[in-house]
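Structure, as structure tokens:
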Amino acid sequence: MSVSNSTAQYGAVAKTFHWMTALGIVAVIPLGIIANDMPYDTAEQLADKAWLFSLHKTVGVTLFFIALARVLWAISQPKPAPLHPDRRAETLLAEIVHWLLYGSLVLVPLSGWVHHAATEGFAPIWWPFGQNLPLVPESVPLSEIAAGLHVVFERVLILSLVLHIAGAIKHAVIDKDDTLARMLPGRRVTSAPKSQTHRKLLPPVLAGIVWAAAIGVGSVLGVYHKGTAIAARAPALQQVESDWTVTDGTLGITVRQMGSEVTGRFAEWTADITFDETVTSGVAGSVDVEIAITSLTLGSVTQQAMGPDYFANTEFPTARFTADLIARETGYLAEGALTLRGVEQPVSLPFDLTLDGETARVEGSTELDRRSFQIGTGMTDESQLGFGVSVSVDLTAVRGAGPAD
């Protein structure tokens with residue numbers, strides 16, 4: 001068998017790429033569907049889900065490089081001409097489907113890879129080259145867009161596959177020609193087609209229109225902004241009149257899942273602050289913070305974090321931290337209680353304060369044990385979900401009453 005293509009059939013390299021790709025698709029799509037639908041309430045379930053997602057991602061990245069090699073080889077080789085050039089509509093449809101397949105085989109794994117690199121969470125790719133991609137920052141909006149594109153391109157790939165397989169069956173069963181035989185291993189076709197006419201530009205242009213239409217449908221369906229929709233359902237917090245008004249700030253948490261740190265932040269919270277900077281020892285003020293749990297974004301595990309075994313946002317939509325602000329020899333301490341998931345626990349949060357006229361900058365952090373708040377009680381393996389949760393505060397406030405954010 002010739003390594004290269006001929007006017008009559010595909011060569012050994014093209015056939016190898018074709019069937020390797022087919023095998024990869026048969027494996028990667030069911031893996032993704034099964035992994036996505038699996039529960040993750042217990043340590044065993046999470047381990048199984050993460051393992052399947054890692055396998056899905058690893059096969060997907062492998063398929064991406066195979067697809068790139070296949071496309072480059074196809075461009076460098078003559079393509080066997082259609083056996084029925086007189087059937088112009090059928091030939092055009094076949095060429096469009098081929099372009100959709102080639103493009104989707106690159107776009108599906110690439111969009112999934114960008115989603116993986118732009119977000120934080122479990123299920124790493126099994127290879128030694130790291131989990132990031134050049135020029136792809138960790139970004140929740142970017143990860144949501146990439147995840148949506150991954151779904152859209154996958155649907156285009158599946159539709160193209162169905163049409164491709166249907167066409168192959170038609171040629172084999174109804175037309176009884178050599179179209180399928182040209183791609184089968186060990187089969188040699190010697191009869192050359194009568195015509196080698198190919199449309200160079202129209203098929204890829206029409207394939208591009210199909211992708212554009214699919215992206216547009218995805219936008220209408222809102223598949224690119226799922227996390228934004230979640231945040232929009234955060235409960236309305238009561239506005240407070242505070243001696244100090246927060247003008248800018250971040251309330252963040254960091255958890256450790258499957259050996260990797262996952263950092264998130266709460267977008268909606270209010271703070272009622274009283275503080276007297278002239279007090280150099282003892283209680284210098286107080287703080288009352290209310291947090292909208294549903295406003296949390298936590299990488300790829302945001303949905304999981306909202307579940308009944310974790311933050312249970314439906315039953316407990318808010319958390320509350322009340323504390324005295326205590327001046328010490330070095331720095332300050334917020335000493336009080338955190339009510340989270342209906343459980344109240346004492347919490348101490350040391351912080352540094354920088355004053356510049358009427359503006360204050362606060363930076364602090366503390367470590368909580370999720371088990372104290374009955375979060376993830378089924379996750380008993382710390383290597384899968386760490387017991388410790390780091391809470392960080394970085395805010396700027398100005399003196400003066402007004403709505404606090």
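For this chain, numbers begin at 1 and follow the sequence in order.
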Take the angle between the ring planes of Y102 and H98 and call it parallel below 30°, perpendicular above 60°, tilted in between.
-> tilted
Pairs flagged by side chain to side chain donor-acceptor pair (under 3.5 Å) wherever residues 157-173 is involved - sequence neighbours left out | E90-K170, K170-D175, H171-D175, H171-D177, H171-T179
Just grab all the salt bridge (charged side-chain N to carboxylate O under 4.0 Å, His left out) pairs involving residues 43-64, residues at least two apart or on different chains.
-> none
Contacts of F64 meeting ring-ring contact (aromatic ring centres under 6.0 Å, His included) (sequence neighbours excluded), chain-then-number -> W113
Which pairs pass side chain to side chain donor-acceptor pair (under 3.5 Å) with one or both residues in residues 319-328, sequence neighbours excluded?
-> D288-R320
Determine, stepwise, if the pair F373 / F316 fulfils ring-ring contact (aromatic ring centres under 6.0 Å, His included).
-> CA-CA 12 Å; F373 297 92; F316 306 103; over 10 Å; no
Would you please name every residue forming a side-chain contact (heavy atoms from CB on, under 4.5 Å) with A181, sequence neighbours left out?
-> D178, R187, V189
Does T359 have any side-chain contact (heavy atoms from CB on, under 4.5 Å) partners at least two apart in sequence or in another chain, and if so, which?
-> T396, V398
Does Y310 reach the side chain of M379, with side-chain heavy atoms less than 4.5 Å apart?
-> yes
So which heavy atom on T254 is nearest to which on T263, and how close?
-> OG1-OG1, 3.3 Å
The complete set of side chain to side chain donor-acceptor pair (under 3.5 Å) pairs with one or both residues in residues 207-217, sequence neighbours excluded, reads S104-W211
Pairwise side-chain contact, L340 with I375, heavy-atom cut-off 4.5 Å (strictly under) = yes
State, with a plain yes or no, whether a side-chain heavy atom of L105 is found less than 4.5 Å away from one of I25.
-> yes
side-chain contact (heavy atoms from CB on, under 4.5 Å) filter on D276, not counting sequence neighbours, yields T278, V279
Not counting sequence neighbours, which residues clear side-chain contact (heavy atoms from CB on, under 4.5 Å) with V362? List them please.
-> F351, L353, L395
Below 4.5 Å, heavy atoms only, C-beta onward: do V61 and P109 meet side chain to side chain?
-> no
Under 3.5 Å donor-acceptor pairs involving side-chain atoms of residues 146-156, not counting sequence neighbours:
from : atom 1 : to   : atom 2 : distance (Å)
H150 : ND1    : V108 : O      : 2.7
H150 : ND1    : S111 : OG     : 3.3
H150 : ND1    : G112 : N      : 3.3

With sequence neighbours excluded, what pairs up with E358 under the salt bridge (charged side-chain N to carboxylate O under 4.0 Å, His left out) test?
-> R399
Would you list the pairs meeting side chain to side chain donor-acceptor pair (under 3.5 Å) in which at least one residue belongs to residues 365-374, sequence neighbours left out?
-> D369-R371
Stepwise salt bridge (charged side-chain N to carboxylate O under 4.0 Å, His left out) test for R361 and D394 = CA-CA 8 Å; R361 172 75 181 277; D394 185 349; 2.7 Å; yes
